[in-house]
Protein chains: 2
Amino acid sequence: MRGMTRLEFPLSFDTPCVVIDPDVTERNLRRAQAHFDALGIAMRPHIKTHKLPRFARRQLDLGAKGITCQKLGEAEVMAEAGCGDIFLPYNIIGAAKLDRLRRLAEQITVSVSADSAATVDGYARHFGNAQKLLPVLIECDTGGGRCGVQTPEDALALAGQIDAARGLRFTGLMTYPASGKREEAERWLATAKAVLTGAGLPPTIISSGGTPDMWADHDASLITEYRPGTYIYMDRFQMTAGAATLEDCALKVMATVVSRPTPTRAVLDAGSKALSSDTLGLQGYGLITEHPDAMIRSLSEEHAVVDLPSASNTPAVGEVLSIVPNHACVVSNLFDDVYLVSGQEAEIVPVAARGRVS
Amino acid sequence: MRGMTRLEFPLSFDTPCVVIDPDVTERNLRRAQAHFDALGIAMRPHIKTHKLPRFARRQLDLGAKGITCQKLGEAEVMAEAGCGDIFLPYNIIGAAKLDRLRRLAEQITVSVSADSAATVDGYARHFGNAQKLLPVLIECDTGGGRCGVQTPEDALALAGQIDAARGLRFTGLMTYPASGKREEAERWLATAKAVLTGAGLPPTIISSGGTPDMWADHDASLITEYRPGTYIYMDRFQMTAGAATLEDCALKVMATVVSRPTPTRAVLDAGSKALSSDTLGLQGYGLITEHPDAMIRSLSEEHAVVDLPSASNTPAVGEVLSIVPNHACVVSNLFDDVYLVSGQEAEIVPVAARGRVS
């Protein structure tokens, strides 16, 4: 069943499985590209959500400047698939990975991030004698509390180190802003831009990201590129965040009712191996589109336990339901293959960049 | 690097990766087998934890009666690897899966569970003309609140249906007891056994499971077989439950410190794609063995954010740390390969039954 086979419709879904509507992804991609075109901000979509070469190429065809990958292994898959400009917003650490980065940089345009002198030292050691300079952006902690330099002054010090290193080129700033803290992030970045520009190291690129805030009226005089990921599929979290409607959700996990132990309990065959345990702060583990009032109360690896709002004979054992997961990206990482289903046509596609942990 | 290659030591771990100590797994397997041998209860280990044919075969070599798989896809892999007696404690639903089950049952000894008339009907339709009877156990909800018939009387009704169906053989009862509710589960099963025996349908097998309660003094006059899974690797949850010590934990996720944004924060390259988001009710997402007082506060897909107990320069960027995950089973499902490292020898082994979602 694996590969690019075109399938007969109706499909007999062997659940759990992932079904994606390519008409919805196309609409989502076009809408986002139009939004950023109108703002005058470059798109650099994050492929971690779909992990599929065809969608990465489509994002580029529609006008994206390049793509974003979180892992070298993902970037290697996407380079192989013809993507020529990849940003890795990650501190690439250790000789094994730096050797791979060097090889990748000899094939395509690669840029990376750094938030410490140790990371920059590693880049400089591996790129000091490279033909092409390695573009390095500084990761800034603008409120997200993950990686990143803590102050604009720290950014300036690191930019100086990058600028002075053989083989590297200081390119700009990047952040992954905390959801709902966009304005705080922009103030941080504006200050850093002023500090760097004043010191003769103006950032060429200022890169932000995140689907929840993507529809905001970003300031193109500050933000030069944006890295949304989830927008291609959307999910229950994005619906809750107001970034999407149910109609925008392109990815669904199909699951079969395997048990009806009580009149108010149903058990489905999609557990954490299909939906992941991600809650992203939400109650429950996904939206059952046929029973929106039902609550996926708990997951074990191969079971979802569902509370129905009242005693009911439906859904019955054997019924197949479609679930909008809390978080689409992690679902893509759990399936070797996904179904693309458009109208009367369906196709099974291997998730080429799944499981690229390093 | 993939396959049965024997590696040079010391390994240059390209993190995140999974390292397993086969000396510890061997000790864990032997100790558990001895425990159940002493009790006079058969072992039927659940392979979902390791998903590796070699460990399944080892469990059988050490005396297990058979193995347990949660999914048909796992059972197909294990049958291919030489396991001849597999129990699927799951309601197998739908023509596609029932056809696969029939094919598997023609190759090896397979037994299944059911908790509804609809599930039994499906088995009967697909096995009515089979050469061998399909052994069916009734799943009982003894307090776990997942699948299972709700009362011993419901078990009796279902046993009658199985007994009357062509192609099926009523074999007994199974439960996955809620952790800490072992005595409640045993009371339930004892009542059901009496009801069934009184009606002329005595259960031949009464199967229980779960690593947290495995060391208890199970009553062999009631429980005939036990299906522990996690005991081969153990994990942070089992340590907290008192079922294991740190020395019993055979599986660790190796991660590199990629950022030290503040004196009390470290960021590692093992996120939910490596550790999973499973908390199992614990605070934090794993135990960093080198820094047991540190707290893995949050995960995103490729980052773990760690709070250090006090300001410190260690761990430094580039250091490799080993993490005992909250839940070992889900980690096995996230990696295509694992390293087995014993003393000076190491080997990379593909996780053959990973990702078998259906």
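Chain letters run A, B, ... following the sequence lines, proteins first and then strands; every chain starts at 1.
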- Query: With only heavy atoms counted, which part of B/L268 is less than 4.5 Å from chain A, the side chain, the backbone, both or neither?
  - Reply: backbone
- Which one of B/A316, B/S298, B/G148, B/S116 has the most heavy-atom pairs closer than 4.5 Å to chain A? B/G148
- Query: Considering all heavy atoms of both residues, which atom of B/E302 and which atom of A/Y90 are nearest to each other, and what is their separation?
  - Reply: O-OH, 2.5 Å
- Message: Please classify the contact between A/Q150 and chain B as side chain, backbone, both or neither, with a heavy-atom cut-off of under 4.5 Å.
- Response: side chain
- Message: If you count heavy-atom pairs within less than 4.5 Å of chain B, which of A/R260, A/K273, A/R100 leads?
- Response: A/K273
- Note on the structure: From the list B/N333, B/V330, B/V305, the residue making the most non-hydrogen contacts under 4.5 Å with chain A is B/N333
- Interface residue of largest heavy-atom contact number with chain A, from B/C329, B/G355, B/A274, under 4.5 Å: B/C329
- Task: Please report the closest heavy-atom contact between B/P261 and A/C147, naming both atoms and the distance.
- Result: CG-CA, 4.0 Å
- Heavy-atom contact with chain B under 4.5 Å, split by part of A/E319: neither
- Message: Looking at chain B, which one of A/V357, A/N91, A/D278, A/T262 has the largest number of heavy-atom pairs inside 4.5 Å, strictly under?
- Response: A/V357
- Mind ranking B/E301, B/K71, B/Q70, B/R146 by heavy-atom pairs under 4.5 Å with chain A and telling me who comes out on top? B/R146
- Most heavy-atom pairs under 4.5 Å with chain B, out of A/D269, A/T256, A/D154, belong to A/D269
- Highest number of heavy-atom pairs under 4.5 Å with chain B among A/V258, A/I93, A/L299 belongs to A/V258
- Query: Under a 4.5 Å heavy-atom cutoff, which of B/G271, B/C17, B/G145 has the most pairs with chain A?
  - Reply: B/G145
- Query: Out of curiosity, A/S277 OG to B/H327 NE2, how far, rounded to the nearest 0.5 Å?
  - Reply: 9.0 Å
- Task: Pick whichever of A/V257, A/T15, A/T119 has the most heavy-atom pairs under 4.5 Å with chain B.
- Result: A/T15
- Measure distances from B/S276 to the heavy atoms of chain A and classify the residue's part below 4.5 Å as side chain, backbone, both or neither. neither
